[in-house]
Asks: 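The structure under discussion is supplied below as structure tokens; questions concerning it will follow.
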Protein chains: 2
Amino acid sequence: MSRASDRAFETIRSMIVSGELSPGEQLVEEALADRCGVSRTPVRDALRRLESDMLVRRNDTQRTFVADWSLDDVADMFELRAMLEGHAAKLAAERMSDAALEELRRCNAELRRAVKATPPNVDLFLELNRDFHALILKVASSRRLATLLATLIEQPVIWRTAHHYGVDELARSSAEHDELLAAFARKDADWAQSIMSGHIRRAYHAYADAHHGLTAIDAADRKRRA
Amino acid sequence: MSRASDRAFETIRSMIVSGELSPGEQLVEEALADRCGVSRTPVRDALRRLESDMLVRRNDTQRTFVADWSLDDVADMFELRAMLEGHAAKLAAERMSDAALEELRRCNAELRRAVKATPPNVDLFLELNRDFHALILKVASSRRLATLLATLIEQPVIWRTAHHYGVDELARSSAEHDELLAAFARKDADWAQSIMSGHIRRAYHAYADAHHGLTAIDAADRKRRA
DNA sequence: AGCCGCATTATTGTATACAAATCCTATTCG
DNA sequence: CGAATAGGATTTGTATACAATAATGCGGCT
């Protein structure tokens with residue numbers, strides 16, 4: 001997709017992920033078109049893409065809204081992610097090359113530096129974490145799997161809450177990455193799968209712990225807006 | 001989506017699934033618009049949807065083509081399906097109600113009748129098989145999972161080859177469904193998961209057996225057309 | 001002959017106007 | 001007072017024209 005459509009997609013996407021557009025809020029094509037400085041046509045394209053990423057949902061009469069996720073939905077999402085990323089790690093272990101392994105090591109070394117900085121560089125951590133997982137997915141080399149996972153990562157839920165991670169959580173992440181590297185080095189597919197699955201599940205509980213007190217407020221807030 | 005856009009989607013979709021449009025063939029918006037009797041706008045919508053279902057792919061310059069799948073891709077697809085449908089069966093076993101179980105039983109009874117007819121009614125089998133799996137997915141009640149699986153089922157690969165099933169394969173399917181029903185009745189989630197996973201894997205091998213001799217021809221055929 | 005550059009054609013992208021559907025509200029009727 | 005509803009306002013759907021980009025083929029050049 002060329003300029004206008006991409007711009008619309010990225011603009012709307014970042015507005016959703018940043019929370020500038022609240023969960024449950026209605027998205028009106030013409031208003032978005034104005035904000036993006038394009039016509040409705042590319043906005044419609046963008047909304048379709050966002051819909052397939054499940055960042056927006058449509059009601060039965062074709063109105064679009066920013067997706068809102070219940071705790072159950074989030075739990076669901078993490079469970080699927082644990083399963084699929086575990087599978088990816090397994091495939092990756094079987095297909096890991098020395099070069100790719102070395103790149104993963106470099107990535108995690110940088111990641112650890114970001115964690116150990118004072119104060120820890122959370123944005124950099126997130127970026128390198130993304131890279132690390134993306135690299136594994138690449139080694140797994142399953143187009144299908146990549147597509148499925150794409151809709152599970154990069155969720156606003158994750159992004160808005162990642163900053164709540166404590167330093168200990170961040171450090172634990174890079175330690176788990178080390179374990180993954182060990183499993184990859186030994187080409188132990190089942191081990192890699194187990195670690196990855198646990199890695200994601202731990203992330204879920206970190207999320208849940210940080211949020212279980214907020215959901216009631218969120219729900220009330222959402223209702224008020226609607 | 002209202003009439004025109006849906007019509008375009010369904011028309012193009014069925015042309016792909018039936019093989020009227022060959023894998024690798026370029027899809028031109030205006031030509032499709034003519035064939036569907038609508039303008040390019042709804043066709044573009046339809047192509048986006050087909051793209052997210054992975055029935056078409058786009059090259060780097062935005063031309064669209066009917067998706068073509070290598071044997072590896074298909075194996076990949078079945079493996080993911082085995083994993084995800086297995087997970088769905090597990091969730092379903094935990095959440096199965098008596099009413100839903102009864103409905104599944106009725107469905108499989110009908111399915112068995114379709115198999116035992118002379119000659120076996122393969123189209124009816126396929127439809128009921130779909131219903132059976134959809135029902136399980138519904139009981140699993142995970143929106144996310146449903147979305148992910150949607151892109152894996154209903155592939156032309158599957159549809160075009162289902163007719164190659166022998167009577168014994170069909171009978172074995174309904175027998176496996178019976179086992180699933182037993183697992184559901186006892187709410188044995190792990191059992192349900194194992195059976196479902198095996199069920200899909202068996203389907204894969206039936207596919208592979210029927211096709212491993214054809215791929216060379218298919219490839220040549222595809223090349224000739226391109 | 002082979003290849004490069006340019007004009008031509010084919011195809012997709014975007015804007016816009018208008019049509020259809022949906023939503024909202026005010027008003028009427030029970 | 002509440003429910004049904006009619007009609008205006010809002011929003012989405014579709015068609016079409018034109019712009020931008022990519023593919024194709026031609027002609028000249030080496």
Side-chain angles (χ1 to χ4, degrees), chain A residues 1-16 20-68 222-226, chain B residues 1-16 20-68 222-226:
Chain A
M1 215 78 329
S2 88
R3 211 176 81 260
S5 178
D6 281 339
R7 185 144 56 105
F9 179 79
E10 277 309 326
T11 307
I12 299 169
R13 186 179 183 292
S14 77
M15 288 195 295
I16 293 175
E20 185 180 343
L21 297 169
S22 333
E25 185 174 344
Q26 180 171 358
L27 296 174
V28 175
E29 293 174 359
E30 195 164 340
L32 293 173
D34 288 346
R35 289 181 78 164
C36 299
V38 299
S39 83
R40 272 179 57 212
T41 310
V43 168
R44 301 184 103 247
D45 274 5
L47 288 178
R48 280 240 185 295
R49 285 198 267 168
L50 291 164
E51 189 186 355
S52 77
D53 288 352
M54 300 191 78
L55 285 171
V56 309
R57 60 171 231 280
R58 290 177 117 88
N59 70 3
D60 41 358
T61 114
Q62 297 304 119
R63 261 84 181 153
T64 48
F65 303 84
V66 178
D68 54 340
R222 202 171 302 143
K223 188 153 194 168
R224 180 164 49 71
R225 258 192 300 268
Chain B
M1 213 83 326
S2 91
R3 211 176 85 262
S5 178
D6 281 339
R7 185 143 57 103
F9 179 79
E10 276 308 324
T11 306
I12 299 169
R13 186 178 183 293
S14 77
M15 288 195 294
I16 293 175
E20 185 179 343
L21 296 169
S22 334
E25 185 174 343
Q26 182 173 357
L27 296 175
V28 176
E29 292 174 358
E30 195 164 341
L32 292 174
D34 288 346
R35 288 179 80 164
C36 299
V38 299
S39 84
R40 272 179 57 211
T41 310
V43 167
R44 300 184 103 244
D45 273 4
L47 287 179
R48 279 243 185 292
R49 284 197 268 169
L50 291 164
E51 189 186 356
S52 77
D53 288 353
M54 301 191 76
L55 285 171
V56 309
R57 60 170 231 279
R58 291 177 116 88
N59 70 3
D60 42 356
T61 109
Q62 296 305 118
R63 264 81 181 151
T64 45
F65 303 84
V66 178
D68 53 341
R222 201 172 303 144
K223 188 153 196 172
R224 180 165 48 71
R225 259 194 298 269

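Naming convention: chains lettered A, B, ... in sequence-line order (proteins, then strands); numbering from 1 in each chain.
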Asks: Given atom CD of A/Glu30 and atom C1' of C/dT14, what is their separation to the nearest angstrom?
Replies: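 After rounding, the gap between these two atoms is 15 Å.
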
Asks: Between D/dA17 atom P and B/Arg40 atom CZ, what is the distance in whole Å?
Replies: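 Atom CZ in B/Arg40 sits about 12 Å away from atom P in D/dA17.
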
Asks: Would you kindly check whether a donor in the side chain of B/Thr41 faces an acceptor in the base of D/dA15, or vice versa, at under 3.5 angstrom?
Replies: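 Yes.
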
Asks: Strictly below 4.0 Å, N to O, side chains only: are B/Arg49 and B/Asp6 in salt-bridge contact?
Replies: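 Result for this pair is yes, salt bridge flagged.
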
Asks: Using atom CG of B/Asp34 as one end and atom C1' of D/dA15 as the other, report the distance to the nearest whole Å.
Replies: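 B/Asp34 atom CG is separated from D/dA15 atom C1' by 13 Å.
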
Asks: Touch check for A/Leu32, heavy atoms < 4.0 angstrom, all strands: base, sugar-phosphate only, or nothing?
Replies: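 Touches nothing.
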
Asks: Map A/Thr61 and B/Leu27 onto DNA chain C by nearest heavy atom, then report which one ends up closer to the 5' terminus.
Replies: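 Nearer the 5' end of the strand: B/Leu27.
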
Asks: I need the CZ-P distance between A/Arg58 and C/dC23, as an integer number of Å.
Replies: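 These atoms are roughly 13 Å apart.
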
Asks: Figure out the CG/P separation between B/Asp45 and C/dT12, and round it to whole Å.
Replies: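 Distance, rounded to whole Å: 15 Å.
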
Asks: Rounded off to whole Å, could you give me the CD-to-C1' distance for the A/Gln26 and C/dC23 pair?
Replies: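 For the pair A/Gln26 CD and C/dC23 C1', the rounded distance is 9 Å.
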
Asks: Rounded to the nearest 0.5 Å, what's the gap from OG1 on A/Thr64 to CG on A/Leu32? Could you check?
Replies: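 Spacing of OG1 (A/Thr64) from CG (A/Leu32) equals 7.0 Å.
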
Asks: Whole Å only: how far is the CZ atom of A/Arg48 from the P atom of C/dT14?
Replies: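 Distance check: A/Arg48 CZ to C/dT14 P gives 15 Å.
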
Asks: Could you say whether A/Pro42 or A/Asn59 is positioned toward the 5' end of DNA chain C, judged by the nucleotide with the nearest heavy atom to each?
Replies: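 Nearest nucleotide further toward 5': that of A/Pro42.
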
Asks: How long is the span from the SG atom in B/Cys36 to the CD atom in B/Glu10, to the nearest 0.5 Å?
Replies: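 Spacing of SG (B/Cys36) from CD (B/Glu10) equals 10.5 Å.
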
Asks: Can you list the residues that meet the salt bridge (Lys or Arg N to Asp or Glu O under 4.0 Å) rule with A/Glu20, with sequence neighbours excluded?
Replies: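 For A/Glu20, the residues satisfying salt bridge (Lys or Arg N to Asp or Glu O under 4.0 Å) (neighbours in sequence not counted) are A/Arg35.
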
